[in-house]
Amino acid sequence: MHTLAVTDGRVLRPDGRVTTDDVLIDADAGTIEAIGPDLEGDEVLDASGGLVMPGLVNAHTHVSMTLLRGYADDKPLDAWLREDIWPVEEELTDDDIEAGAELGVLEMIRSGTTAFADMYFAMDRVADVVERAGVRARLGRGIVTVGKDHEEARADLEDGVEFATTYDGAADGRIHTAVMPHSLTTVEESILEEAADLAAAHDLPVHLHANETESEVDPIVSERGIRPIEYADDRGVLGPSSFLAHGVHLDDSEIARLAERGTAVVHCPASNMKLASGIAPVQRLREAGVTVGIGTDGAASNNDLDLFDEMRDAAMVGKLAAADASAVPAPAVVEMATSGGAEAIGVPGGRIEAGAAADLIVVDLESPHLTPAHDLVSHLAYAVRGSDVRHTVCDGSVLMRDREVTTLDADAVMERAGSVAADLVARAE
Ligand SMILES: N[C@@H](CCSC[C@H]1O[C@@H](n2cnc3c(=O)[nH]cnc32)[C@H](O)[C@@H]1O)C(=O)O
Ligand SMILES: [Zn+2]
């Protein structure tokens, strides 16, 4: 057994306590062996002056959209997608998607994210990046049927299911998959139903955008006389492994139904604020017992993939929405960004405890903006930035040591992404 000792730091435990301990990792198994004083390993990762905490889980993104960061801002969802994003996405090549995924994964490793859920196209290329970069992911091809005839729509569904069944368990088990119909309004009813059936038949989760904007909720209510979550349930989409992105506009009956079905919600506060979609009822969801994770959504609606920013946004906007400063407190956002996210997307990790997956980060605390250290959980929610992450470990492997990413060549990744992004936009215009 090859071991890695993370030494001389403080450790964030699953119950929110912070202790002064070392963490011993079985690098071969990719698991945490022990937590305690004076642990010795074959290799050492210095955590002095730092906090060891679970790697963050970005529970909803479109990682290759880093190529479109800053390309189209200041518009509502529907116009943004139809006028700006989808036309450029028409021009995307598989190589572009790979370059964008490398950039996004690099950014995530550098800001402490070790696992993410991704919906996009050319997912075989995204899977390749996940494998090389050493992170964990739940991946799926986004299935869209608007503007397609039934045959094309079926082909999209089949592609999505084929990707999901082929890649589940890839990269030594670091890659998980899901069937990912894009949303309740961009996928026709029969395809949505089939997607849910096929996911169940293959024991895979369903992931989709739902109840993101009012203009997505209204047509379902007026055409069918029922709320979107009831419609989703009738199509078989909801289940204990399913997770939906956004859940901004949910009424009490929908929240109760999500709780009953065990379907998780991924809160994307920055995207929801930027597109002026609304504010998800995070406090009410949590009180109802719904598992809530946090996601950045794509970099074109955020505009970064730093989950520390997202934690702060979730706490701030949660209070504003509830008109209650005690709503969505620091421990809740830290939980949502770690164990909550891992549970929502169904990946290991999210906890520093013996036997858990060795997905962890070390946050450097020796900075003016993190001084004094009255309460480290408060710092994680309100004051830490992604650039404070010193080391990133996933599945027992060191992906970043002293801010140097070991699995990707940062300069080459940025140069390639910058160049393909410029070409892409030029082709689209
Ligand atoms: N459009 C593709 C498949 C969907 S991939 C996922 C899609 O979600 C889009 N997307 C990104 N952010 C959001 C969001 O907040 N809501 C809805 N869609 C989004 C993204 O641009 C991408 O087109 C097709 O026609 O086959
Ligand atoms: Zn999205």
Side-chain angles (χ1 to χ4, degrees), residues 57-62 115-120 123 136-145 157 160-161 163-165 167-169 175-212 216-217 220 226-250 253-268 280-282 285-286 288-295 297 336 339-348 350:
V57 180
N58 187 348
H60 175 76
T61 188
H62 313 275
F116 66 105
D118 200 78
M119 174 203 289
Y120 217 56
M123 294 306 291
R136 228 180 264 286
R138 186 166 294 275
L139 307 175
R141 190 196 185 292
I143 299 160
V144 172
T145 68
L157 170 68
V161 173
F163 170 80
T165 51
Y167 279 84
D168 199 40
I175 292 178
H176 307 257
T177 61
V179 177
M180 299 194 181
H182 177 257
S183 81
L184 298 173
T185 50
T186 53
V187 177
E188 65 184 70
E189 184 170 357
S190 67
I191 297 286
L192 192 61
E193 210 151 64
E194 271 189 79
D197 285 350
L198 288 165
H202 294 289
D203 210 13
L204 291 166
V206 176
H207 176 49
L208 75 171
H209 298 92
N211 299 47
E212 181 176 358
E216 209 192 340
V217 170
I220 295 178
I226 52 174
R227 296 281 308 174
I229 296 302
E230 186 179 353
Y231 168 65
D233 199 13
D234 291 348
R235 306 282 79 73
V237 167
L238 307 186
S241 67
S242 295
F243 57 109
L244 53 89
H246 302 296
V248 170
H249 302 279
L250 293 167
S253 75
E254 291 178 292
I255 293 176
R257 192 181 288 263
L258 291 170
E260 198 176 308
R261 293 284 178 263
T263 301
V265 171
V266 182
H267 179 36
C268 303
V282 170
L285 283 164
R286 286 174 56 86
V290 175
T291 300
V292 182
I294 297 183
D297 213 347
M336 289 191 280
S339 56
E343 199 183 311
I345 73 170
V347 296

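Counting from 1, the numbers follow the sequence of the chain as shown.
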Item checked: Intermediate values then yes/no, salt bridge (Lys or Arg N to Asp or Glu O under 4.0 Å), Arg138 and Asp118 -> CA-CA 6 Å; Arg138 186 166 294 275; Asp118 200 78; over 6 Å; no
Item checked: From CA spacing to verdict: side chain to side chain contact (heavy atoms under 4.5 Å, CB included), Val282, Met336 -> CA-CA 10 Å; Val282 170; Met336 289 191 280; 3.9 Å; yes
Note to self: One pair to check against ring pair (Phe, Tyr, Trp, His ring centres under 6.0 Å): His62 and His209. What are the steps and the verdict?
What the structure shows: CA-CA 12 Å; His62 313 275; His209 298 92; 5.3 Å; yes
Item checked: Stepwise side chain to side chain contact (heavy atoms under 4.5 Å, CB included) check, Tyr231 with Leu184 -> CA-CA 8 Å; Tyr231 168 65; Leu184 298 173; 4.3 Å; yes
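Here CD1 of Ile345 is found 12.5 Å from OG1 of Thr291. Values are rounded to the nearest 0.5 Å. Rounding to the nearest 0.5 Å gives a distance of 13.5 Å between CD of Glu260 and CD1 of Ile255. Within the model, atoms OG of Ser183 and CD of Glu212 stand 8.5 Å from one another, a figure rounded to the nearest 0.5 Å. Rounding to the nearest 0.5 Å gives a distance of 10.5 Å between CZ of Arg235 and CG of Asp197. The distance from the CD1 atom of Ile229 to the OG atom of Ser253 is 9.5 Å, given to the nearest 0.5 Å. Between the CG atom of Leu198 and the CG atom of Leu204 there is a distance of 9.5 Å, given to the nearest 0.5 Å.
Considering all non-hydrogen atoms of both residues, Ala199 and Val206 come closest at CB-CG2, 3.6 Å. In plain terms, the two heavy atoms of Val187 and Val144 that are nearest each other are CG2-CA, 4.3 Å. Among all heavy-atom pairs drawn from Ala117 and Phe243, the shortest one is CB-CE1, 3.8 Å. Nearest heavy-atom pair across Leu208 and Met119 is CA-CE, 4.1 Å. In terms of heavy-atom proximity, Ala164 sits nearest to Ala178 at CB-O, 3.8 Å. For the residue pair Thr177 and Phe163, the shortest heavy atom distance occurs at CG2-CE2, 3.9 Å.
His176 has its side chain within reach of Asp168: a pair of non-hydrogen atoms, C-beta onward, lies under 4.5 Å apart. Proximity of Glu194 to Leu157: side-chain heavy atoms (C-beta onward) are separated by under 4.5 Å at one or more points. With contacts defined as side-chain heavy-atom distances shorter than 4.5 Å, the pair Pro240/Thr263 does not qualify. Residues Val266 and Ile294 are not in side-chain contact: their nearest non-hydrogen atoms beyond the backbone lie 4.5 Å or more apart. Residues Arg227 and Val217 form a side-chain contact, since some pair of their non-hydrogen atoms from C-beta on lies under 4.5 Å apart. Looking at Tyr120 and Met180, their side chains never come closer than 4.5 Å, going by heavy atoms from C-beta outward. Counting only heavy atoms from C-beta outward, the side chains of Glu254 and Pro228 approach each other to under 4.5 Å. Residues Asn211 and Leu244 have side chains not in contact (no heavy-atom distance under 4.5 Å, counting atoms from C-beta outward).
Judged by distance alone, with hydrogens and angles left aside, the side-chain atoms of Thr186 form no donor-acceptor pair with the main-chain N or O of His182 at under 3.5 Å. With hydrogens and angles ignored, the 3.5 Å screen pairs no side-chain donor or acceptor of Glu193 with any backbone N or O of Glu189. Between the side chain of Ser242 and the backbone N or O of Pro205 there is no donor-acceptor pair closer than 3.5 Å.
If you check the side chains of His60 and His207, you find a donor sitting under 3.5 Å from an acceptor. Remark: the Asp297 side chain and the His246 side chain contain an N/O donor-acceptor pair separated by less than 3.5 Å.
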